[in-house]
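Down below is the structure, laid out as structure tokens.
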There are 2 protein chains.
Amino acid sequence: MPASSPKTRAARQPGNAPGVPLSPSRFGDEKATRARILYAALQVFAARGFEAASLREITEKAGVNVAAIHYHFGSREILVQELMRAVAGPLNQLRLDALDRACAQGAPGLEAVVEALVGPPVRLSFEATGEPRLLIRLLIQARALPQEATNHAIFEQYDALAIRFVDAMLQAEPALPREEAFWRYAFAIGALMYIVSDSDQQYHRLHRISGGLCNTDDPQAIVRQLVAFITAGIRARP
Amino acid sequence: MPASSPKTRAARQPGNAPGVPLSPSRFGDEKATRARILYAALQVFAARGFEAASLREITEKAGVNVAAIHYHFGSREILVQELMRAVAGPLNQLRLDALDRACAQGAPGLEAVVEALVGPPVRLSFEATGEPRLLIRLLIQARALPQEATNHAIFEQYDALAIRFVDAMLQAEPALPREEAFWRYAFAIGALMYIVSDSDQQYHRLHRISGGLCNTDDPQAIVRQLVAFITAGIRARP
DNA sequence: GTCTATAACACGATAGAC
DNA sequence: GTCTATCGTGTTATAGAC
């Protein structure tokens, strides 16, 4: 593994502006090989898992050569890290922006705080990528299988996000004990990730077992249901 | 892939009694090769993911030969299926038993229903296996990566469980609309799985970001927090 | 039932032509 | 920047001795 120049040159290349929501065309110039690899990697890693996915499947989907990944990223592991950064960063920025907007109109109520937490990921997951739910499925797998490559890349920014939102929850509900606020933040994230991942194309579990009552393809319905459930849960007497 | 006799003979072999909680020794006779393979498979699949794990790592951990898996199970895929069945069956039976016990003392309150839903998996996950949380991590991965092998094996029994518990929720809270009951059942499962998987040996995210306030190694605390949050969420006005 | 040996193939990575 | 060819390794699965 020599520190050859193409790798380091490719690693410095911008390719993806921070804070920009994901979409097939927003990993950079859609024609650029690097951008096409990243989007194909999103699809394949989300569908197969990080360890199980192969670079060959990614390059086939991207329509590029196998060697292109090593030229543009240097290694499989670096590709994973850059993908996670490209996914987690914009998503969390949307949440922080939503929280800032809520705070700009005075001290936000609990509903507004929870909406800022769950609204952006649900909407982004459905609207911003070609196939919905890829994004959340990728994050679920980063959690399900802790790996050095994925965790170090994303945990730091998620920790800061959590503390920011817990503080906002505590400000909206001053009677809430600090310990409960942290537990319930975690419960909220769990409910969010589970429901978004639930309804993938093949199974639609909740839709099926509810006899069609729950439309898990409607992001507005998901957000509405999540906010009602989570706010009531946060307000529960310990 | 000829339908040779050893495979089918091995597949019929009982090896694991239904309804028995999981533990290293309860996949069957602890000395039996088949039982040792199953327990090693639980550990390795939970740690690495279904596709990424190799049979070699499983057989090394079980102290058996590589060929033993093919002799006792026939193929990698059948091993996965039998493992999922051995994991999901006993867990859900514990939940149904707990619900039955609650119903035996008259119509159960919502707290009792939720406790029957989340208590058994939390306790089983911590107490019944050598390494805690292996069990839930396995189920999370079965959800995160939909595969024919895992999903068909477990979804049917989970569907029945869901409907049983939603009915119990509706009986405890007659004013609750049926649609909301299904949404909130899914949210409860999401919160449960997320919190149990959160605190694996390396990261302990919630414990860390809460500054040590939340003890995610205490199953009683987890169940208490889950029940408070979920019951309040279920009772939310739509 | 358990082992060794090996077939048949997919993987990540790299060298080197263009 | 992009391709082909290939190396070395690890994988599932099976054949056959014991």
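Every chain is numbered from 1 and lettered A, B, ... according to where its sequence line falls, protein lines coming before strand lines.
Formation of a donor-acceptor pair under 3.5 Å by the B/Asp198 side chain with backbone atoms of A/Ala186 is not found in this model.
Residues forming a side-chain contact (heavy atoms from CB on, under 4.5 Å) with B/Ala41 (at least two apart in sequence, or on another chain): B/Phe45, B/Ile58, B/Leu79, B/Leu83. When the side-chain hydrogen bond (donor to acceptor under 3.5 Å, both in side chains) test is applied to B/Asn215, no partner is found at least two apart in sequence or on another chain. In terms of the salt bridge (Lys or Arg N to Asp or Glu O under 4.0 Å) criterion, residue partners of B/Glu115 (sequence neighbours excluded) are, by chain and number, B/Arg123. B/Asp218 pairs by the salt bridge (Lys or Arg N to Asp or Glu O under 4.0 Å) definition with nothing, not counting sequence neighbours. For the salt bridge (Lys or Arg N to Asp or Glu O under 4.0 Å) test, no residue two or more places apart in sequence or in another chain qualifies with A/Arg95.
Counting to the nearest Å, the P atom of C/dG16 and the NE2 atom of A/His70 are 17 Å from each other. Between the CD1 atom of B/Ile69 and the P atom of D/dT14 there is a distance of 13 Å, rounded to whole Å. We find that CD of A/Glu51 is positioned 15 Å from P of D/dG10, with the value rounded to whole Å. A straight line from CD1 of A/Ile58 to P of C/dA13 spans 11 Å, rounded to a whole angstrom. When the P atom of D/dT11 is taken as reference, atom CD of B/Glu60 falls 9 Å away, rounded to whole Å. For the pair A/Leu55 CG and C/dC11 P, the interatomic distance rounds to 9 Å; values are reported in whole Å. For the pair A/Phe73 CZ and C/dT14 P, the interatomic distance rounds to 16 Å; values are reported in whole Å. Protein atom CZ of B/Arg34 is 17 Å distant from nucleotide atom C1' of C/dT2, rounded to whole Å.
Among the atoms of the strands shown, only primed sugar atoms or phosphate atoms (P, OP1, OP2) are found under 4.0 Å from some heavy atom of A/Ala53.
For B/His72, taking side-chain heavy atoms from C-beta onward, the closest of the listed nucleotides C/dT2, C/dG12, D/dT2 is C/dT2. Out of D/dT14, D/dG1, C/dA13, the shortest distance to the side chain of A/Tyr71 is found at D/dG1. Distance from the side chain of B/Ser54 is smallest to D/dT11 among D/dT11, C/dA13, D/dG1.
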Report, one pair per line, the protein and nucleotides 3-6 of chain C atoms (nitrogen or oxygen only) whose separation is under 3.5 Å.
unit_1	atom_1	unit_2	atom_2	d
C/dC3	OP2	B/Asn65	N	3.4
C/dT4	OP2	B/Asn65	ND2	3.4

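Contact of the A/Tyr194 side chain with the A/Ile140 side chain is not registered, since no non-hydrogen atoms from C-beta on lie closer than 4.5 Å.
Under 4.0 angstrom from either OP1 or OP2 of C/dG1 there lies no side-chain N or O belonging to B/Thr33.
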